[in-house]
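These notes concern the structure reproduced below.
Values below: all heavy atoms of this structure, side chains included; hydrogens, waters and symmetry mates excluded. The chain is numbered in sequence order, starting from 1.
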Amino acid sequence: MDGVLVHEGHPVPGAPEFISRLRESGKRFLVLTNNSIYTARDLSARLQAVGLDVSEDLIWTSALATAAFLADQAPGGSAFVIGEAGLITALHGMGYVLTDRNPDYVVLGETRTYSFSTITTAIRLVERGARFLATNPDTVGPSPEGPLPATGAVAALITKATGVEPYFVGKPNPLMMRSALNRIEAHSETTAMVGDRMDTDVISGIEAGLRTVLVLSGVTRREDIGRYPYRPSLVVDSVADLVDEV
């Protein structure tokens, strides 16, 4: 989503036309994001506000992917959660009980209000045997004032204190892409991933067996591509260049 359809709160040029063409063509698609703060409904409203018609059922977040993973691995379980509405709602939707009393899992997501108290609780629960899961490995997030610590940075703190590494569900884990494929009943051989980051989007797309398209409207610059040992299938300036390809 970020860097592909929107950038700093504004639609990327060509994004409305790209979404419209996907709809007109009848092709199935999902909008993916590692952001676990918002629910799909919240994100849909935010996209609608900038002129992008994407309904909530077409949005797949790391929070939803994490909840789906837990429902498959340990249905009806319990978790101590550090996160916001996106993650809490997703876990409740899968029938999970949220508790700080002997939970099966500690689940770490993004929040703008990480607290010393909740991180301390997470550390103690992991030390007592709770399995450690995190929505995504992103270490920083953007803000008008500058970078903010994100899930990956806080996960590193908990790991340093406990010696336990988390399992990250979101990108670059190809599990995120595979769960998205299942969501729309698609096959990797006939699906493309469009993203703006080599280190999360492109690598997870490659590992999931998808055709990968890198857009230069977000994080990765053209001169950065050569630093990586893998390549996208196609590089374009933005989704505006893909409208006629749909």
Side-chain angles (χ1 to χ4, degrees), residues 1 30-46 55-139 141 148-171 173-184:
M1 187 173 74
L30 277 182
V31 175
L32 272 62
T33 177
N34 258 0
N35 190 318
S36 66
I37 291 178
Y38 303 104
T39 67
R41 182 175 299 179
D42 295 333
L43 291 172
S44 174
R46 292 164 75 91
S55 58
E56 62 180 289
D57 61 304
L58 297 177
I59 296 174
W60 190 241
T61 70
S62 64
L64 291 169
T66 298
F69 173 79
L70 284 174
D72 178 67
Q73 292 289 307
S78 61
F80 175 73
V81 176
I82 298 177
E84 297 199 17
L87 182 56
I88 292 168
T89 301
L91 288 170
H92 274 155
M94 289 297 184
Y96 254 63
V97 173
L98 306 190
T99 181
D100 60 358
R101 295 187 177 183
N102 300 315
D104 300 317
Y105 291 89
V106 165
V107 182
L108 176 66
E110 287 181 84
T111 174
R112 300 301 188 203
T113 56
Y114 287 114
S115 77
F116 185 80
S117 174
T118 56
I119 292 170
T120 299
T121 298
I123 288 169
R124 291 172 179 169
L125 291 171
V126 170
E127 283 193 326
R128 292 175 196 160
R131 287 160 283 181
F132 186 19
L133 203 69
T135 56
N136 66 83
D138 300 358
T139 54
L148 293 170
T151 309
V154 179
L157 189 159
I158 296 172
T159 294
K160 193 70 173 178
T162 63
V164 177
E165 297 278 351
Y167 180 68
F168 292 107
V169 175
K171 300 175 294 181
N173 189 342
L175 178 68
M176 177 99 170
M177 293 294 179
R178 294 190 182 280
S179 63
L181 287 169
N182 292 337
R183 179 92 171 175
I184 57 174

I want to check something: taking the side chain as every heavy atom from C-beta on, are [X] and [Y] in contact at a cut-off of under 4.5 Å?
X	Y	value
I82	V154	no
L70	V107	yes
L108	P166	no
L157	I123	yes

When you measure from the side chain of [X] to the backbone N and O of [Y], does any donor-acceptor pair fall under 3.5 Å?
X	Y	result
T120	F116	yes
T89	G86	no
T118	Y114	no
N136	N34	yes

Distance (rounded to the nearest 0.5 Å) between [X] [atom1] and [Y] [atom2]:
X	Y	atom1	atom2	answer
D100	T121	CG	OG1	6.5 Å
T39	L64	OG1	CG	8.5 Å
I184	D57	CD1	CG	11.5 Å
I59	T33	CD1	OG1	9.0 Å
N35	L87	CG	CG	11.0 Å
Q73	R131	CD	CZ	8.5 Å

Indicate the atoms forming the closest heavy-atom contact of [X] with [Y], along with that distance.
X	Y	answer
G76	Y96	N-CE1, 4.1 Å
S36	E110	OG-N, 3.0 Å
V164	T159	O-OG1, 2.8 Å
T99	S78	CG2-CB, 3.9 Å
F80	A122	CE2-N, 3.9 Å
A161	E127	O-OE2, 3.7 Å

(request) For the residue pair N173 and Y167, confirm or rule out a side-chain donor-acceptor distance under 3.5 Å. (result)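 A donor-acceptor contact under 3.5 Å links the two side chains.
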
(request) Report yes or no: do E84 and T111 form a side-chain donor-acceptor pair below 3.5 Å? (result)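 Side-chain D/A pair, E84 to T111: present.
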
(request) Using side chain to side chain contact (heavy atoms under 4.5 Å, CB included) as the criterion, list what pairs up with R183, not counting sequence neighbours. (result)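 Residues passing side chain to side chain contact (heavy atoms under 4.5 Å, CB included) with R183: L30, W60.
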
(request) Report the residues that fulfil salt bridge (charged side-chain N to carboxylate O under 4.0 Å, His left out) with E165, sequence neighbours left out, ordered by chain and then residue number. (result)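 In terms of salt bridge (charged side-chain N to carboxylate O under 4.0 Å, His left out), with neighbours along the sequence ignored, E165 is linked to no residue.
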
